[in-house]
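Below: the structure, in structure tokens.
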There are 2 protein chains.
Amino acid sequence: MQCLDKRTEIMTVAMELLAENGFHGVPMSMIAAKANVAVGTIYLYFAGKDELITELFQEVEKEIVATLREGFPTEGPMRERFLYLTGKILRFLVDNPLKFRYIEQFMNSPYGISMRRDRLLGKTVPNGIFMALFEEAIADHVVKDIPIIALFSLTIAPLIFLVRDHILGFVTLDEALIRQTTEACWDAIKR
Amino acid sequence: MQCLDKRTEIMTVAMELLAENGFHGVPMSMIAAKANVAVGTIYLYFAGKDELITELFQEVEKEIVATLREGFPTEGPMRERFLYLTGKILRFLVDNPLKFRYIEQFMNSPYGISMRRDRLLGKTVPNGIFMALFEEAIADHVVKDIPIIALFSLTIAPLIFLVRDHILGFVTLDEALIRQTTEACWDAIKR
DNA sequence: GCGAAATGAATGAACGTTCATTCGTTTTCT
DNA sequence: AGAAAACGAATGAACGTTCATTCATTTCGC
């Protein structure tokens with residue numbers, strides 16, 4: 001076992017445990033045990049629990065941005081591009097429930113709160129694509145004339161709630177429902 | 001100083017601290033200090049931290065249900081009744097940011113998760129009014145033919161996100177924007 | 001009416017547990 | 001052998017909870 005193997009293993013295991021049990025429900029010793037590693041070893045790769053948690057988030061964030069950019073049509077009808085993006089993110093979250101739950105944990109923890117604050121003016125990386133799309137849509141007058149952040153809430157919030165309900169088993173997000181709900185989101189914001 | 005005074009004071013102070021700092025960011029000693037009470041005194045009125053947290057939530061829940069029922073028109077056009085309810089809940093949350101943040105904390109904690117699970121079949125009290133409205137709307141074919149839980153997400157989720165952004169100062173939820181966004185929510189679900 | 005006894009609300013030091021982090025030792029690799 | 005990596009027992013801080021003690025107020029006996 002070499003350097004990168006252990007580091008990756010720790011991150012994989014930590015993602016699973018933290019997503020399922022919450023940040024406070026997972027002692028470092030638990031991560032160490034499941035990764036077949038000594039507690040001290042984790043501190044060879046991460047400065048502390050905080051850094052481990054933060055780094056895990058940044059990794060997922062990068063992955064989502066990459067997924068969204070991949071194959072995204074920069075031209076064409078606004079509605080199609082919108083449905084492409086929302087469908088893509090919905091599918092990613094449904095296919096990666098662990099990562100979804102991790103993001104939720106993070107966003108609702110002090111880490112996420114302060115991150116949101118820090119990004120008050122700077123652009124949030126994963127939403128950058130959405131924001132750009134909305135700005136274009138506003139300029140073209142194809143969406144309602146309300147603050148861009150409201151457009152964002154009307155779009156993203158239902159998707160997140162739906163994924164949560166899907167993971168909890170309250171609803172099944174198949175392709176048909178994904179289509180219907182993303183179209184409904186468009187109906188909400190279209191002029 | 002009598003019985004109810006102290007109990008009320010503890011609950012008021014706990015609501016503030018817990019809403020602002022999160023459940024794990026507030027030791028019992030902090031609540032005691034701010035309530036000008038000894039730590040042990042809290043245990044005279046509450047079995048433990050868990051019970052205090054749960055009771056606080058139930059109190060807010062009751063208040064919201066009462067607010068929603070108050071003046072709610074049981075007859076009339078579906079759209080008007082929908083806008084009445086969504087506007088009412090939006091105003092309540094904007095006017096009570098502390099309670100909003102507390103609810104968020106609770107819902108994203110193990111308490112809230114297991115509560116959601118427990119209510120899988122039973123009706124959630126605060127949403128019972130919404131659910132009844134949706135069922136009627138479905139029967140009347142005035143909303144889209146998608147699972148009721150999806151209708152719910154399309155409606156409630158954006159409102160919650162908007163309130164959060166309002167409290168953080170990203171947007172100002174005045175009467176005009178409340179009107180625009182609740183109407184947008186209706187556009188999302190209407191047939 | 002008045003002193004003595006009982007009450008129980010309030011207190012906060014002490015306890016036991018949990019957990020992140022450290023560091024002296026051991027193992028592995030070159 | 002020497003350096004790098006890994007180990008895990010030990011440490012100490014934080015926190016929820018307990019309980020022996022205090023004391024203002026009420027009740028009782030005369």
Side-chain angles (χ1 to χ4, degrees), chain A residues 1-59 102 105-106 108-115, chain B residues 1-59 102 105-106 108-115:
Chain A
M1 304 255 179
Q2 283 315 321
C3 197
L4 272 193
D5 269 4
K6 280 228 159 70
R7 198 188 146 88
T8 306
E9 178 67 8
I10 290 169
M11 287 185 82
T12 306
V13 162
M15 169 65 74
E16 276 177 50
L17 291 175
L18 294 171
E20 277 166 9
N21 304 94
F23 296 164
H24 291 283
V26 182
M28 294 296 263
S29 58
M30 193 189 290
I31 297 173
K34 190 160 181 184
N36 291 315
V37 146
V39 189
T41 307
I42 300 180
Y43 287 85
L44 295 177
Y45 298 101
F46 303 94
K49 198 179 185 182
D50 284 8
E51 192 183 285
L52 174 58
I53 287 173
T54 303
E55 198 152 324
L56 274 171
F57 176 76
Q58 288 167 348
E59 208 196 40
Y102 188 86
Q105 303 271 0
F106 188 87
N108 289 298
S109 73
Y111 305 103
I113 307 282
S114 66
M115 194 196 66
Chain B
M1 305 254 179
Q2 286 313 323
C3 196
L4 273 194
D5 269 4
K6 281 233 158 66
R7 198 188 147 89
T8 305
E9 177 67 9
I10 290 168
M11 286 185 82
T12 306
V13 162
M15 170 66 74
E16 277 176 50
L17 290 175
L18 293 170
E20 277 167 9
N21 304 97
F23 296 163
H24 291 282
V26 182
M28 293 296 263
S29 57
M30 195 188 290
I31 297 172
K34 189 160 182 183
N36 290 316
V37 145
V39 186
T41 307
I42 300 180
Y43 289 86
L44 294 177
Y45 298 101
F46 303 93
K49 197 178 185 181
D50 284 9
E51 194 184 283
L52 174 58
I53 287 173
T54 303
E55 199 153 322
L56 274 171
F57 176 76
Q58 287 167 350
E59 208 196 40
Y102 189 86
Q105 303 272 359
F106 188 86
N108 289 297
S109 74
Y111 305 102
I113 306 283
S114 66
M115 196 197 66

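Just so it is clear: chains get the letters A, B, ... in the order the sequence lines come, proteins before strands, and each one is counted from 1.
- Checking D:dC7, D:dT17, C:dT11 against every side-chain atom of B:Ala38, the shortest atom distance belongs to C:dT11.
- Between the side chain of A:Tyr102 and the backbone N or O of A:Glu16 there is no donor-acceptor pair closer than 3.5 Å.
- The separation between B:Tyr45 atom OH and C:dT11 atom P is 9 Å, rounded to whole Å.
- When rounded to the nearest whole Å, the span between NE2 of B:His24 and C1' of C:dC19 equals 13 Å.
- For A:Pro27, the side-chain atoms get nearest to C:dA20 when compared with the rest of D:dT17, C:dA20, D:dA5.
- Distance, A:Ile53 CD1 to C:dA20 P: 9 Å, rounded to whole Å.
- A side-chain donor-acceptor contact under 3.5 Å links B:Ser109 to the backbone of B:Phe106.
- One can place CD of A:Glu51 at 15 Å from P of C:dA20, the figure rounded to the nearest angstrom.
- The CE atom of B:Met30 sits 7 Å away from the P atom of D:dC15 (whole-angstrom rounding).
- Summary of the strand contacts: A:Gly25 and A:Gly40 both lie near DNA chain C, and taking for each the nucleotide with the nearest heavy atom, the more 5' one is attributed to A:Gly25.
- To the nearest angstrom, C1' of C:dT21 lies 14 Å from CG of A:Leu52.
- Rounded to whole angstrom, the span from the CE atom of A:Met28 across to the P atom of D:dA6 amounts to 15 Å.
- Of the listed nucleotides (C:dA20, C:dA10, D:dA6), D:dA6 has the atom at the smallest distance from the side chain of A:Leu44.
- Ring geometry for A:His24 against B:His24 counts as parallel: the plane angle stays under 30°, on a 0 to 90° scale with 60° as the upper cut.
- In this structure, A:Phe23 places its CZ atom 16 Å from C1' of C:dA20, rounding to the nearest Å.
- Here the side chain of B:Val37 is nearest to one of D:dG16, C:dT11, D:dC7, namely C:dT11.
- Checking the phosphate oxygens (OP1, OP2) of C:dT21, no side-chain nitrogen or oxygen of A:Lys49 falls inside 4.0 Å.
- For B:Glu9 (side chain) and B:Ala35 (main-chain N/O), no donor-acceptor pair under 3.5 Å exists by modelled atom type.
- Considering only side-chain N and O atoms, A:Thr41 lies under 4.0 angstrom from the phosphate OP1 or OP2 of D:dC7.
- In this structure a side-chain-to-backbone donor-acceptor pair under 3.5 Å is missing from A:Tyr111 to A:Asp50.
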